[in-house]
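Residue numbers start from 1 in every chain, and the chains themselves are labelled A, B, ... in the order their sequence lines are given, proteins ahead of strands. Because the structure is a prediction, the values reported are computed rather than measured.
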There are 2 protein chains.
Amino acid sequence: MVEDSKKPGLRDRKRTATRARIEAAAVDLVLRDGLEAATVDAISERADISPRTFFNYFDSKDAAILGLKPQALEDDLAEQVARPSDVDPIEAVVDLVVTTMGVGHGGDADLHQQRVEIMRRHPEVASSQFAQLNARKNRLVEQVRQLLARTATFPDDAELTARATIALAVCASAVHAAVETWVGTADSPAATDIDGPDDADVIRQRALSLIHSTLKELL
Amino acid sequence: MVEDSKKPGLRDRKRTATRARIEAAAVDLVLRDGLEAATVDAISERADISPRTFFNYFDSKDAAILGLKPQALEDDLAEQVARPSDVDPIEAVVDLVVTTMGVGHGGDADLHQQRVEIMRRHPEVASSQFAQLNARKNRLVEQVRQLLARTATFPDDAELTARATIALAVCASAVHAAVETWVGTADSPAATDIDGPDDADVIRQRALSLIHSTLKELL
DNA sequence: TTGCAGTCATGCATCTTTGCGGTACTGTAG
DNA sequence: CTACAGTACCGCAAAGATGCATGACTGCAA
């Protein structure tokens, strides 16, 4: 049951290939025809699947465009929380958010570049990363709750959950803001070619800076 | 053109009546048949309008169930921000959020009670108040920005906007959490009959308390 | 090799939501 | 009273999203 990571197997290879075809088709069509002209039907046809199957691979059209894996996260999440965590809880939560948002979608550099371009042209899409987060909110709050429980002077359960909710919101909105300014200023395609400091890191840093300055001011 | 507040006029009276019929129909059907059995078609039929017209009155099915007015807010918002505001910025923002979420929908007490019951049975609906907020996010951030600009040591524009975003998120999630716990513990229908301390106030207080305790801990 | 159990792809039906366009009604000015 | 302008209502079509049922395919074990 828990056979892992050695033999992909035909089944998984096919599935991976299909997902890749969908992502490519979505990105291509959006860049070619615009966001609303690129319908699910069109993308599906191009990827050689039925529209119904499309939604077996992605939760939404936007998710396909951004290449957001539907679950896959669960693994990362578990891993994140299992960490030793001598680190600042805030940093851990930001990591969680960045991962869930799929900001650092590891893989094809071209595809990544194209997605940045799409986010520049259609800012609405970028904010669907946010929606992705909301959808997983309950599970994420649970993770954050565990993180906080380590350092917090243990209040009652409801209180702790509420605090986790707020902490998550802080980090999420910070990352969101960071992504927005990053997308807005990312008109230097050459710079992102090399992926020098790594896009995800830039966003992480900006988000942390925002959080600290804002919280300091609010008190 | 700017004749106001004396003669409602037949047109407005009809519109108000229709909106009320929709709200009542929505609440009744949800309580009777459940959330998903109460389709837009069913609600519309019961309210004696076409399904198309339904969306002329409300942005979504959930909005109708909760009785969230589509704009109407704009007025309140402007008013909020125009205030003198010797008050804590955080309190102001919380007010903004509570108003926008339509937590204190003034009006029919029975309807209010029914809505609380619906939120208890179908928690998903409650979180669509949150969505309502996201939809108006840009405008709200602008308002919060102005509020913050008064006390903040003026950073650059992007920074200020980012901070406003985060502050809004903090307050929004706090209110959201407060609503959730309030709904969860609101199994004393007798208590809410009298509307003693006013539901909205209870939520405001709880939210503020949450914000302060959480922020203090995160630093 | 064969067969079984678990997945996957798909068609179909349904629901929510939105844009467009036409028709009917309201308020008002002549 | 009448005509005109502005809304409101509604039908229609299309898109995004989801549940259900069915047939096909894969992986594995006998």
Side-chain angles (χ1 to χ4, degrees), chain A residues 1-4 6-22 25-26 29-30 33-66 68 70-71 122 124-125 128 131-132 134-135, chain B residues 1-4 6-22 25-26 29-30 33-66 68 70-71 122 124-125 128 131-132 134-135:
Chain A
M1 295 307 180
V2 201
E3 305 283 341
D4 50 325
K6 280 303 171 186
K7 283 186 299 181
L10 172 58
R11 201 166 207 136
D12 293 292
R13 267 180 289 139
K14 266 190 168 179
R15 197 164 174 78
T16 303
T18 301
R19 172 146 39 221
R21 276 204 327 274
I22 297 176
L29 281 184
V30 170
D33 305 338
L35 186 57
E36 56 181 40
T39 67
V40 170
D41 283 0
I43 296 171
S44 302
E45 188 178 357
R46 192 170 232 252
D48 232 10
I49 56 170
S50 90
R52 184 64 186 82
T53 299
F54 178 94
F55 290 101
N56 285 343
Y57 281 84
F58 293 98
D59 288 341
S60 70
K61 183 175 126 174
D62 289 347
I65 293 170
L66 295 174
L68 302 177
Q71 20 65 294
H122 311 279
E124 324 91 81
V125 174
S128 81
Q132 178 91 177
N134 261 338
Chain B
M1 295 306 179
V2 201
E3 305 283 342
D4 51 323
K6 282 303 171 186
K7 284 185 299 181
L10 172 58
R11 201 166 205 134
D12 294 294
R13 266 179 292 140
K14 267 190 168 180
R15 194 164 176 79
T16 303
T18 301
R19 170 147 38 221
R21 275 201 332 271
I22 297 176
L29 281 184
V30 170
D33 305 337
L35 185 57
E36 58 181 40
T39 66
V40 171
D41 284 359
I43 297 172
S44 303
E45 189 179 357
R46 192 170 231 252
D48 234 10
I49 55 169
S50 88
R52 185 63 188 80
T53 299
F54 179 94
F55 289 102
N56 285 343
Y57 282 83
F58 293 98
D59 288 342
S60 70
K61 182 174 127 176
D62 289 346
I65 294 170
L66 296 174
L68 301 178
Q71 18 68 294
H122 310 280
E124 324 91 80
V125 175
S128 81
Q132 178 92 177
N134 261 337

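Between A:Thr39 and A:Arg52, the one whose closest nucleotide on DNA chain D sits nearer the 5' end is A:Thr39.
Phosphate contact (OP1/OP2 of D:dC9, side-chain N/O of B:Tyr57, threshold under 4.0 Å): present. Under 4.0 angstrom from either OP1 or OP2 of D:dT26 there lies at least one side-chain N or O belonging to A:Lys14. Contact annotation: A:Thr53 side-chain N/O to C:dT10 OP1/OP2 distance is under 4.0 Å.
The side chain of A:Phe55 approaches D:dT18 more closely than any other nucleotide in the set D:dC25, D:dT18, C:dT26. Of the listed nucleotides (C:dT17, D:dA8, C:dT10), C:dT17 has the atom at the smallest distance from the side chain of B:Ser60. Nearest to the side-chain atoms of A:Arg15 among the listed nucleotides C:dA9, D:dG27, D:dT7 stands C:dA9. Distance from the side chain of A:Lys61 is smallest for D:dA17 among the nucleotides C:dG11, C:dT16, D:dA17. Of all nucleotides listed (C:dT26, D:dC10, C:dT7), C:dT26 comes nearest to the side chain of B:Leu10.
Here the P atom of nucleotide C:dT18 and the CD atom of A:Glu36 are 13 Å apart, to the nearest Å. When the C1' atom of C:dT17 is taken as reference, atom CG of B:Asp41 falls 12 Å away, rounded to whole Å. For the pair A:Asp62 CG and D:dA15 C1', the interatomic distance rounds to 13 Å; values are reported in whole Å.
Residue-level contact check: A:Asn56 touches the bases, meaning some heavy atom is under 4.0 Å from a base atom.
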